[in-house]
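What's counted below: heavy atoms across the whole structure, side chains too, no hydrogens, waters or symmetry copies. By convention here, the first residue in the shown sequence is residue 1.
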Amino acid sequence: FRVFKEDAGFEGFITDIKYFSDRRFVSTFTGVYYKISSPTGTRFMPVPEIQGEDIRQLQLFKPDRGEAMLIASSEEGIWMVDRRLGVSVLEDRILNRSDDPSLAEEYAGSYLVQDPNRNNIIYTGRNQLVGLEYSWRGWTEILRLDLPEEGHLKMVIDKYGFLWTTTARSVIRIDISRLDDPELRILTVENGLPANEKNQVFLDP
């Protein structure tokens, strides 16, 4: 058992840990770092393009057999890291993106989730729920849905095709089995929640 602290090279509170492309990555309130080992010791090196960012989640994204990338998400943007540590910004790779800057803001979010039934689709957003589909050409927006409150606290997708997300004062269930007509339902204590504030959602394994 080994303990790594900030003197190992990373800074800030750790928010997530993932193993990708034979490397251990950690995200913190200050960016993304990866672990390297040598005869002189073990260090965490910063990913330069993702420094000074409050990264809340790392997502190991496998859209197809043989393809994989690490996605780092924050309120300010979403970054994609390939196997060679090359970094790109997701917003720059949206094929049908709008020139409206207010719409582009939704291509970011503290949390995102990959569709377990359609591996090439992720969901993200802040004031809206945005669905993005990946192909060899790039990313395409396939869903944009207004939400009653700003700021996702957590998002999960269950095996029945429901996406669950929480805001400061509500839990929202969205039927994403039909992306052309998703059904949104807001849940409160009247539906059995323990409270109407700061609920979280998790998948039962």
Side-chain angles (χ1 to χ4, degrees), residues 1-38 41-63 67-94 104-116 119-132 134 138-139 150-157 163-168 198-203 205:
F1 186 85
R2 300 183 67 187
V3 176
F4 298 100
K5 299 184 179 181
E6 288 189 344
D7 55 8
F10 60 84
E11 296 180 2
F13 184 84
I14 292 179
T15 56
D16 208 348
I17 303 174
K18 287 290 187 294
Y19 189 76
F20 170 66
S21 189
D22 297 326
R23 295 182 178 94
R24 180 72 60 193
F25 288 82
V26 299
S27 61
T28 76
F29 287 167
T30 65
V32 176
Y33 304 80
Y34 63 96
K35 183 170 75 73
I36 60 171
S37 297
S38 69
T42 299
R43 295 280 299 168
F44 283 84
M45 301 295 294
V47 178
E49 295 88 346
I50 322 178
Q51 288 302 297
E53 303 291 342
D54 182 356
I55 303 298
R56 295 304 179 98
Q57 180 187 6
L58 295 174
Q59 176 76 34
L60 184 57
F61 182 63
K62 296 182 177 181
E67 279 197 271
M69 64 187 76
L70 187 70
I71 302 179
S73 59
S74 81
E75 284 283 343
E76 303 303 322
I78 292 178
W79 294 264
M80 298 172 294
V81 183
D82 63 26
R83 296 182 187 275
R84 297 181 179 180
L85 288 180
V87 178
S88 57
V89 179
L90 185 142
E91 180 184 334
D92 296 338
R93 299 183 62 186
I94 305 295
E105 289 178 358
E106 296 301 325
Y107 298 139
S110 292
Y111 299 98
L112 58 86
V113 64
Q114 182 177 4
D115 194 322
N119 291 336
N120 63 330
I121 295 176
I122 62 171
Y123 299 92
T124 185
R126 293 187 293 187
N127 302 322
Q128 299 172 318
L129 178 69
V130 175
L132 297 170
Y134 175 81
W139 293 85
E150 179 180 354
H152 304 285
L153 299 180
K154 186 76 173 179
M155 285 197 294
V156 297
I157 298 176
L163 184 149
W164 300 79
T165 185
T166 66
T167 66
K198 298 182 179 179
N199 289 289
Q200 298 285 323
V201 286
F202 305 91
L203 286 180

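No close placement of the Tyr33 and Phe44 rings is indicated, their centers lying 6.0 Å or farther apart. Separation of the Phe61 and Trp139 ring centroids falls under the 6.0 Å cut-off.
Exactly one of Glu76, Arg56, Glu75 qualifies for a side chain to side chain donor-acceptor pair (under 3.5 Å) with Ser110. That residue is Glu75. Applying the side chain to side chain contact (heavy atoms under 4.5 Å, CB included) test between Trp79 and each of Ile55, Val47, Ile71, Val32 identifies Ile55 as the sole match.
Tyr134 places none of its side-chain heavy atoms less than 4.5 Å from the side chain of Ile122. Two residues are said to be in side-chain contact when any heavy atoms from C-beta on lie closer than 4.5 Å; Val26 and Phe4 fail this criterion. Between Met69 and Asp82, every side-chain heavy-atom pair lies at or beyond the 4.5 Å cut-off. Tyr34 is not listed as a side-chain neighbour of Phe20, based on a closest heavy-atom distance of 4.5 Å or more. Side-chain contact between Leu70 and Lys18 is present, with at least one heavy-atom pair separated by less than 4.5 Å.
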Yes or no on side-chain contact (heavy atoms from CB on, under 4.5 Å) for Val89 and Tyr107, after CA distance, side-chain angles and deciding distance?
CA-CA 10 Å; Val89 179; Tyr107 298 139; over 6 Å; no
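A distance-only check finds a donor-acceptor pair linking the side chain of Gln114 to the backbone of Asn119 [under 3.5 Å].
Sequence neighbours left out, the pairs with a member in residues 104-116 that pass salt bridge (Lys or Arg N to Asp or Glu O under 4.0 Å) are Glu105-Arg126, Asp115-Arg118.
One distance of note links CD1 of Ile50 with OG1 of Thr28; it measures 11.0 Å at 0.5 Å rounding.
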